[in-house]
2 protein chains.
Amino acid sequence: MKPLVLPPLARPDGMTTHDYAFNRLRQAIMVGAFRPGTSVTIRGLAEALESSPTPVREALRQLTSIGALQFLENRRIVVPHITPARFEELILLRIALESHAARRAVAHLSERQIEKITAIDDSIETEIRKGNKVAALIANQAFHRMIYSANPDPVAMPLIESVWLQLGPILGIAMEHVTELYVVDRHREAIDALRRRDEEAVADAIAADIREGIGGFDQQAVARLLRLAA
Amino acid sequence: MKPLVLPPLARPDGMTTHDYAFNRLRQAIMVGAFRPGTSVTIRGLAEALESSPTPVREALRQLTSIGALQFLENRRIVVPHITPARFEELILLRIALESHAARRAVAHLSERQIEKITAIDDSIETEIRKGNKVAALIANQAFHRMIYSANPDPVAMPLIESVWLQLGPILGIAMEHVTELYVVDRHREAIDALRRRDEEAVADAIAADIREGIGGFDQQAVARLLRLAA
DNA sequence: TATCACAAAATGTGATCACAAAAAGAGATT
DNA sequence: AATCTCTTTTTGTGATCACATTTTGTGATA
């Protein structure tokens with residue numbers, strides 16, 4: 001129960017122990033390193049991160065605030081379970097949030113930024129072709145984040161990432177069971193719409209992208225896996 | 001700098017010190033007890049709450065995760081400032097989130113719940129007539145929360161409350177400068193739509209309610225106050 | 001009066017410890 | 001073999017302390 005393979009993550013100079021723990025755990029959950037129902041302990045993580053309980057507890061508390069973890073009544077700390085209904089709500093919430101965020105970002109995107117976004121989209125395909133699932137997932141998130149963050153007041157971004165974190169554990173299961181990766185996204189469509197500054201078309205492309213494939217994965221497959229995770 | 005009038009809040013039995021601190025601070029920010037730019041200290045709050053730094057720090061860290069507070073680079077803890085642009089984004093985000101949440105709740109609302117919601121709406125008018133601003137604000141939040149929480153998987157609710165928290169400090173300023181309270185909401189309209197199970201009409205009523213008056217207050221007045229807060 | 005330098009106080013950070021509750025394990029009983 | 005009871009271990013909680021950084025306060029200098 002205590003192998004605890006935590007994806008590595010560089011620790012920039014001057015970063016506090018707490019911030020490091022938070023970012024590392026957050027990233028781990030975001031890319032599906034923990035399965036639903038997994039329980040973690042403060043002391044265990046403190047040891048794994050070579051620190052002490054105090055900063056780790058703060059990081060865990062923060063992660064519960066954004067729905068990534070859950071403090072149960074019996075004081076146990078677990079990765080939340082996901083029911084099919086909850087999964088459906090999260091996807092619909094992604095669509096509502098991200099199509100809104102995309103629409104509000106269009107006017108602020110420079111040509112240069114759109115080029116950068118196109119480059120990220122290319123890197124997604126590259127990673128998929130190389131079979132590197134986690135890298136493809138991270139690149140896909142970067143694609144979406146880059147668009148929404150063009151808004152000078154990206155108030156929706158933290159909320160979007162909260163939803164991503166809640167979907168993270170599902171992605172972990174999906175990546176375990178999906179051997180074949182295939183590109184099924186609406187990214188080119190979204191980029192074209194960005195170039196035309198067509199807010200509605202961008203929002204529609206993003207909505208379709210989310211609906212048809214969660215982070216590059218086939219939704220039907222994920223739905224099937226949900227039964228395994230329950 | 002340390003009068004720190006924290007609204008009282010009962011502490012249920014068995015609640016941890018951390019949870020108590022979190023809920024108390026959260027409630028204080030939500031109803032506008034802190035002004036934008038206000039800085040708080042861990043030790044100061046620990047003393048005010050008659051506890052120690054550890055649980056307070058955890059509570060503050062959680063509050064930053066949901067945008068209610070901000071840890072600056074110089075390690076100072078402040079209530080975030082709000083620019084007019086940021087305010088606009090937050091309002092639009094409220095509209096996007098809450099009209100979505102309302103739409104997703106309609107199918108799950110029982111007649112009994114709708115009656116309860118109607119009663120809450122009545123209490124809002126009562127409080128306004130009595131001139132009790134904070135109580136009216138809390139009742140208004142309860143009205144919205146009651147609707148959205150009808151969804152058995154209310155995944156949007158925490159995100160909505162996050163936005164409320166970010167708007168809280170503005171409400172505090174508004175309440176200081178607005179002497180006359182008047183009822184300008186679309187609540188009856190929303191309730192009627194709920195009774196007809198008309199999802200789109202409910203969503204529209206909620207959107208209009210938010211757009212035309214933030215929590216029962218006149219938006220123009222708030223916009224004017226924003227300049228004072230900057 | 002304004003500005004700079006230095007000392008003192010305040011503050012966030014993180015490790016440690018004692019305590020209580022929960023979980024896990026061991027052994028006996030049915 | 002299953003269940004119950006009691007002991008041991010694990011674990012979250014919260015207070016305290018030492019440390020480093022920041023802020024504040026004081027006084028000298030221009």
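Please read these numbers as outputs of a predicted model, since none were measured by experiment. Residue numbering restarts at 1 for every chain, and letters A, B, ... go by the order of the sequence lines. Keep in mind that the numbers below use all heavy atoms, side chains included, and drop hydrogens, waters and symmetry copies.
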**Report entry** E50(B) CD - dG14(D) P separation (whole Å)
**Finding:** 15 Å

Query raised in the report: Could you give the CD1-to-C1' distance, from I77(B) to dA10(C), as a whole number of Å?
Result: 13 Å

Sequence neighbours left out, what passes side-chain hydrogen bond (donor to acceptor under 3.5 Å, both in side chains) with [X]? Give chain and number order.
| X | value |
| --- | --- |
| T38(A) | none |
| Q70(B) | none |
| D19(B) | none |
| D153(B) | none |

Query raised in the report: Hey, can you pull the residues of residues 14-22 of chain B with a non-hydrogen atom under 4.0 angstrom from DNA chain D?
Result: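 Only T16(B), T17(B), H18(B) qualify.
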
Report task. Any ring-ring contact (aromatic ring centres under 6.0 Å, His included) involving residues 147-176 of chain A? Give me the pairs, sequence neighbours left out, ordered by first then second residue. Result -> H144(A)-Y148(A)

Please write out each protein N/O paired with an N/O of nucleotides 17-23 of chain D under 3.5 Å, distance rounded to 0.1 Å.
| residue | atom | partner | partner atom | Å |
| --- | --- | --- | --- | --- |
| dT23(D) | OP1 | N74(B) | ND2 | 3.0 |

Report summary line: Residues at least two apart in sequence or cross-chain that pass salt bridge (Lys or Arg N to Asp or Glu O under 4.0 Å) with R86(A), listed by chain then number, are none

Query - All side chain to side chain contact (heavy atoms under 4.5 Å, CB included) counterparts of A135(A), not counting sequence neighbours - result: E127(A), N132(A)

Report summary line: Residues passing the side chain to side chain contact (heavy atoms under 4.5 Å, CB included) test with A139(B), sequence neighbours excluded, are S123(B), I124(B)

Report summary line: To the nearest 0.5 Å, atom CD1 of I95(A) lies from atom NE2 of H100(A) at 15.5 Å

For residues 53-60 of chain B, which side-chain N or O atoms pair as donor and acceptor with protein atoms under 3.5 Å away, sequence neighbours left out?
| residue | atom | partner | partner atom | Å |
| --- | --- | --- | --- | --- |
| R57(B) | NE | E58(A) | OE2 | 2.8 |
| R57(B) | NH2 | E58(A) | OE2 | 2.9 |
| E58(B) | OE1 | R61(A) | NH1 | 2.3 |
| E58(B) | OE2 | R57(A) | NE | 2.8 |
| E58(B) | OE2 | R57(A) | NH2 | 2.9 |

Query raised in the report: Counting only non-hydrogen atoms, which of residues 56-72 of chain A are less than 4.0 Å from DNA chain C?
Result: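 When residues 56-72 of chain A is checked for heavy atoms under 4.0 Å from DNA chain C, there are no hits whatsoever.
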
